[in-house]
Visitor: 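Have a look at this one.
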There are 2 protein chains.
Amino acid sequence: MGSAKFAKEMNALKEHLGKHQLKFTRQREMILTAFLRQEHITAEAMYHQLAKTDPHLGLATIYRTLNLFCDAGIAQARHFGSQTQYDNVSHKGHHDHLICTGCGKIVEFENCEIEKLQEEVAARNGFTIQTHRLELYGLCSRCRH
Amino acid sequence: MGSAKFAKEMNALKEHLGKHQLKFTRQREMILTAFLRQEHITAEAMYHQLAKTDPHLGLATIYRTLNLFCDAGIAQARHFGSQTQYDNVSHKGHHDHLICTGCGKIVEFENCEIEKLQEEVAARNGFTIQTHRLELYGLCSRCRH
DNA sequence: CTTTCTGCAAAAGCTTTGCATTACA
DNA sequence: TGTAATGCAAAGCTTTTGCAGAAAG
C-alpha cells in the first residue's frame, strides 16, 4: 500500500485516537493518506479531490478530520484569505511564505539561516521549538508601481 | 483637534480619495482617528468602540472603510483565527512571538538579524516587505521536563 | 445637481453542529 | 452491544452587497 511510507504519521494518529477513546475509521485513513501527499490543502480542495474515490464522503467529515489531525499534531491550521489552509507539519520548517498584498501571489521559500536564528532566540528564552510560522507580506515586482 | 497628530495619515487618506473620486466623510474621518489610536483592531471591535460615539454607524461602513484604508496603504488586513485584523501600518515597532504549546505562555521578542534575512529573501524574490508575522511554537522550560 | 456614501437588511462564503444512521471495537 | 463517526442539512459567523435615502463636492 502507498500508506507504508506514511507509517510514522499513521502511528501518531493511532496513538492519539487510542489516548482519547476515538476510532480508526476508513474515512480517517483515507483522509490522512491524501493529506500527507501534499504540503498544505484546504478542506474544500480535499473534498473535490476525494470525491472521485468516495462520492459520499462529506465535507463536514473532512473538516472534522483535519481538525482532528491538528489536535494530533499532524496538521496545523493557517488562516489565509477567506479560507483555512491545513499544513502538513512533517514538511514544516522548510516552508515559509512570501505573500503579495497586491495580487495575492504566494512564493514559498526556505532559509536555514533564519531557522538557526529562530532556534537561538528560542533557546535564549528557554523554549524548544516544535514548529513555526513565518509569513512576509509585501508587494511583488509587478504590483509595486 | 485631537487628529492633529495623525496629520500624515489623514493626508494619505485624502490623497487617495482625491485620486479615486471618493469623498471625505464624517464617518471616514471618525474611523481613521479611532483606527490610528491602535496597533491593530477588528471591524467588530471598532464597531463596539464607536457605538458609544455614534450609535447609528453601521458595521458594513466600518468594513468598507477599513478596506478602503488598506487600498490607501494606511492599514493592512491580516487573517487571524476566524477574524480579520486590520493592522496600523505606521506602527512598525514590530514584535514576534514565542508561544508555548503546553501552557499557552507567550513571549514577545525582536531580532534584527532575522529581519535582515527576511529582507534578503524578499529582495531575492522581487518583493518589498510591508510587514511580517513570525510565530515560534514550542515548549517552555516549565512544560518540557 | 450629480455622484458617492451610508445604514439597514439580506445574501454570501466558510466552517461547525444537530441528528438519525452506520461503523468500529 | 455500546460508543463514536458519518452524512446530510441546517445553523452560525464573519464579511460583502443591494438599494433607497442622505451627504459631499
Visitor: Rounded to the nearest Å, what distance is computed from the NZ atom of residue B:Lys14 to the P atom of nucleotide D:dG25?
Guide: 9 Å
Visitor: Would you mind reading off the distance between A:Leu22 atom CG and D:dG2 atom P, rounded to a whole angstrom?
Guide: 20 Å
Visitor: If each of A:Pro55 and A:Leu17 is mapped to the nucleotide of DNA chain D with the nearest heavy atom, which maps nearer the 5' terminus, i.e. the 5' end?
Guide: A:Leu17
Visitor: Round to the nearest Å and state the distance from A:Arg78 atom CZ to C:dC14 atom P.
Guide: 16 Å
Visitor: Given that A:Asn67 and B:Ala60 both sit by DNA chain C, which one's nearest nucleotide is further toward the 5' end?
Guide: B:Ala60
Visitor: Tell me: NE2 of A:His16 to C1' of D:dA4, nearest whole Å?
Guide: 13 Å
Visitor: Check whether any side-chain nitrogen or oxygen of A:His56 sits under 4.0 Å from OP1 or OP2 of C:dT22, and answer yes or no.
Guide: no
Visitor: For B:Gln21 and for B:Arg64, find the nucleotide of DNA chain C with the closest heavy atom, then tell me which residue's nucleotide is more 5'.
Guide: B:Gln21
Visitor: What is the distance from OH of A:Tyr47 to C1' of D:dG7, rounded to the nearest Å?
Guide: 10 Å
Visitor: Between A:His79 (NE2) and D:dC13 (C1'), how many Å, whole number?
Guide: 13 Å
Visitor: Do any side-chain nitrogens or oxygens of A:Arg26 fall under 4.0 Å of OP1 or OP2 in C:dA23?
Guide: no
Visitor: Measure from OH on A:Tyr63 to C1' on D:dC13 and round the result to the nearest Å.
Guide: 13 Å
Visitor: Taking the side chain as every heavy atom from C-beta outward, state whether B:Leu32 and B:Phe69 have any atom pair closer than 4.5 Å.
Guide: yes
Visitor: I'd like to know whether B:His40 forms a side-chain hydrogen bond (donor to acceptor under 3.5 Å, both in side chains) with B:Gln85, so could you lay out the CA-CA distance, the side-chain angles of the two residues, the decisive distance to 0.1 Å, and finally the verdict.
Guide: CA-CA 6 Å; B:His40 50 72; B:Gln85 291 278 343; 3.2 Å; yes
Visitor: Respond yes when some side-chain nitrogen or oxygen of B:Gln27 is under 4.0 Å from OP1 or OP2 of C:dG7, and no when none is.
Guide: yes
Visitor: How would you label the contact of B:Thr84 with the nucleic acid (heavy atoms, under 4.0 Å): base, sugar-phosphate, or nothing?
Guide: sugar-phosphate
Visitor: B:Leu66 CG to D:dT14 P: how many Å, rounded?
Guide: 15 Å
Visitor: Is any side-chain N or O of B:Ser82 closer than 4.0 Å to OP1 or OP2 of D:dC13?
Guide: no
Visitor: If you assign each of A:Thr61 and B:Gln85 to its closest nucleotide in DNA chain D, which residue comes earlier from the 5' end?
Guide: A:Thr61
Visitor: On the nucleotide C:dT6, are OP1 or OP2 found under 4.0 Å from the side-chain N or O atoms that B:Thr25 carries?
Guide: yes
Visitor: Determine whether more than 12 heavy atoms belonging to other residues, nucleotides or ligands lie under 6.0 Å from atom NE2 of B:His20.
Guide: yes
Visitor: Identify whether the distance between the nearest side-chain nitrogen and carboxylate oxygen of A:Glu15 and A:Lys19 falls below 4.0 Å.
Guide: yes
Visitor: Counting distance alone, no hydrogens or angles: does the base of D:dA24 have a donor or acceptor under 3.5 Å from a partner atom on the side chain of B:Lys23?
Guide: yes
Visitor: Please check if atom CD in A:Gln49 has more than 12 non-hydrogen atoms from other residues, nucleotides or ligands closer than 6.0 Å.
Guide: yes
